[in-house]
Protein chains: 2
Amino acid sequence: MQEENIHKFEKPSVTVDMIIFTIIDKDLKILLVRRKFNPFKGKWAIPGGFVRIDESLEQAVNRELLEETGVKNVYLEQLYTFGDIKRDPRGRVITIAYMALINSLELKLKASTDASDAQWLSVNNVPSLAFDHKKILDYALKRLRWKFEYTTVAFSLLPKKFTINKIQTIYEIVFEKKFDKRNFAKKILYLNLLKGEGIKKDVSHRPPMIYSLKKNIGEIIKII
Amino acid sequence: MQEENIHKFEKPSVTVDMIIFTIIDKDLKILLVRRKFNPFKGKWAIPGGFVRIDESLEQAVNRELLEETGVKNVYLEQLYTFGDIKRDPRGRVITIAYMALINSLELKLKASTDASDAQWLSVNNVPSLAFDHKKILDYALKRLRWKFEYTTVAFSLLPKKFTINKIQTIYEIVFEKKFDKRNFAKKILYLNLLKGEGIKKDVSHRPPMIYSLKKNIGEIIKII
DNA sequence: CCAAAAGTGTTAGTGATACACCCATGT
DNA sequence: ACATGGGTGTATCACTAACACTTTTGG
């Protein structure tokens, strides 16, 4: 035998599952879907699905994301791969978990009615989840906070133009604490990531400056 | 249909691949194996293999690690999952990459002869690798440095008892730069991670203090 | 005039870095 | 006595955190 046989072993199934974060009403929310089928029929689960043989993991995630939320070109990050033998009662299923950050203004699926099988629910009030999805959520929250601290991912949750206060607010939501606004503005502006975009009009108080991100910087830098 | 069918889709193959780090002769090395079969017959690759249907990912990694190096109970960390469609010319293969840190004293497979099909090679002098293994190595090196900076994983490369100088040396090897020994000792001791274990005898200079790690702390703390 | 959020500097404390000399042992 | 690595303190600098008042607009 000159070529190793990749079909010698029985293959596991492979899925991608996603924690999709957005901020609605000053609250960090994730998208959950109610399962239509067994196992865990009727339970909440995070969106996901099988990886097709002819698509990459990123393609699979983007496809599922588009199906569930109607958005594309959002911030996506692979989190971790969960492969316990018993994590799916139907058989061996390995899942590659991702997180997505979506600016809620782009969403077609907005705050949905209670009857819907897909809903945005606050991370502080998540129901019991199917499979090991709670573990995935906990992992995602840790990663999200870390990324907020050291990278510019936070801006993915905002529209292109924003005020300093908007940024501070999403940091306060994610870290569940208040920051001093002088120190916050000082840090953000000192990093030289932002470009002035004029002044916001039609507010019933002193008009704030508007900024945009110069470019989405991949590097790890200390933000907060 | 009440139960979703997990066998609806053609399944990819799933492997685990490992970057196994150790320090030999004051040099950071990884284990590479020469491929016996096509594709890439004769090329160097990182160790790995198919995940069996009845073992978890960690079990698969530990099994492969034991086969290749004869060691168990070493530091293991999942890195990232690589799933490009064309990464393996034989077909669709998704690989979950891990890194392992091994104290070279525990190795059965020591610096091997040139004829061997498994060798420890310096990360600074790695030959061209099969598949996308270079990408995995680059990722592992970044992660290793990050982990050295923020956690106590470095101690996994040392025997249970060690001197401050030994720790400093592995940090210098991994970061490829020198640290000031007063500042280094100050930082490490200040963290309160170490327990004194007496004094090292039979050295032809002032005998150094020996330490051990109090416990392997999972938390993220700033080390360097 | 009032309400609401924007904008802006200084000080004190903490942690990081730079730097040099004497010590204990084996040969 | 010499060679080898071990052990130790201080001063400066940079960064972080705490803290309050005035400004601009709409209603």
Side-chain angles (χ1 to χ4, degrees), chain A residues 23 25-26 145-146 148-151 154 158-159 161-212 219-224, chain B residues 23 25-26 145-146 148-152 154 158-159 161-173 175-212 219-224:
Chain A
I23 288 180
D25 300 336
K26 306 211 170 187
R145 295 196 175 110
W146 190 89
F148 261 58
E149 205 167 338
Y150 291 102
T151 76
L158 289 173
K161 298 184 180 187
F162 45 79
T163 62
I164 298 285
N165 182 274
K166 295 287 184 200
I167 314 172
Q168 182 168 343
T169 301
I170 64 171
Y171 270 89
E172 289 176 344
I173 292 166
V174 166
F175 287 108
E176 295 178 311
K177 68 180 226 191
K178 295 284 177 188
F179 294 96
D180 177 86
K181 90 178 154 157
R182 274 171 297 189
N183 291 337
F184 190 91
K186 214 184 302 170
K187 277 183 185 176
I188 295 290
L189 294 172
Y190 175 77
L191 291 170
N192 200 28
L193 302 169
L194 303 185
K195 184 162 79 243
E197 296 279 359
I199 286 180
K200 180 164 182 154
K201 303 290 286 178
D202 298 315
V203 287
S204 75
H205 52 76
R206 178 168 172 177
M209 304 250 273
I210 303 173
Y211 296 92
S212 66
E219 304 168 59
I220 291 175
I221 47 174
K222 177 77 180 167
I223 309 260
I224 293 298
Chain B
I23 288 180
D25 300 336
K26 308 213 167 184
R145 296 199 174 107
W146 190 88
F148 261 58
E149 203 168 340
Y150 291 101
T151 75
T152 56
L158 288 174
K161 298 182 180 187
F162 46 79
T163 62
I164 298 286
N165 182 275
K166 294 289 184 199
I167 314 171
Q168 183 169 343
T169 301
I170 65 170
Y171 270 89
E172 289 177 343
I173 292 166
F175 287 108
E176 294 179 312
K177 68 180 225 191
K178 295 285 178 186
F179 295 96
D180 177 86
K181 81 176 161 163
R182 275 171 296 191
N183 292 336
F184 190 90
K186 214 184 302 170
K187 277 183 185 177
I188 296 291
L189 294 172
Y190 174 77
L191 292 171
N192 200 27
L193 304 167
L194 304 185
K195 191 165 73 242
E197 297 278 359
I199 287 178
K200 179 163 181 152
K201 303 291 287 180
D202 300 315
V203 286
S204 75
H205 52 75
R206 175 167 173 177
M209 305 252 272
I210 303 173
Y211 296 92
S212 66
E219 307 168 58
I220 290 175
I221 47 173
K222 177 77 180 167
I223 308 260
I224 291 299

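Below, read A as the first sequence line, B as the second, and so on, with proteins coming before strands; counting in each chain starts at 1.
Note: OH (B:Tyr211) to P (D:dG6) measures 12 Å, nearest angstrom. Whole-Å rounding puts the B:Lys178 NZ to C:dT17 P distance at 17 Å.
You'll find that the side chain of B:Lys181 is closest to D:dG7, out of D:dG9, D:dT24, D:dG7. Nearest to the side chain of A:Arg206, among C:dA6, D:dG5, D:dG7, sits C:dA6.
On a pure distance criterion of 3.5 Å, a polar donor-acceptor pair joins the side chain of B:Lys186 and the base of D:dT10.
Residue B:Asn183 has no polar side-chain atom (N or O) positioned under 4.0 Å from OP1 or OP2 of C:dA16. Here A:Lys187 reaches the OP1 or OP2 of D:dA17: one of its side-chain N or O atoms lies under 4.0 Å away.
Of the residues listed (B:Asp202, B:Ile199, B:Thr163), the one engaging B:Pro207 in a side chain to side chain contact (heavy atoms under 4.5 Å, CB included) is B:Ile199, and it is the only one.
Under the 3.5 Å distance criterion, the side-chain polar atoms of B:Gln168 are left unmatched by any main-chain donor or acceptor of B:Ala185.
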### Message
Working note: A:Ile188 + A:Leu193, criterion side chain to side chain contact (heavy atoms under 4.5 Å, CB included); need CA distance, chi angles, decisive distance, verdict.
### Response
CA-CA 7 Å; A:Ile188 295 290; A:Leu193 302 169; 5.8 Å; no

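Of the two residues contacting DNA chain C, namely A:Pro207 and B:Val203, the nearest-nucleotide position lying further toward the 5' end is that of A:Pro207. Of the residues near DNA chain D, A:Tyr190 and B:Met209, the one whose nearest nucleotide (by heavy atom distance) lies more toward the 5' end is B:Met209.
Using a 4.0 Å cut-off between charged side-chain N and carboxylate O, B:Lys222 and B:Glu149 make a salt bridge.
Within 4.0 Å (heavy atoms only), A:Asp202 reaches no atom of the nucleic acid at all.
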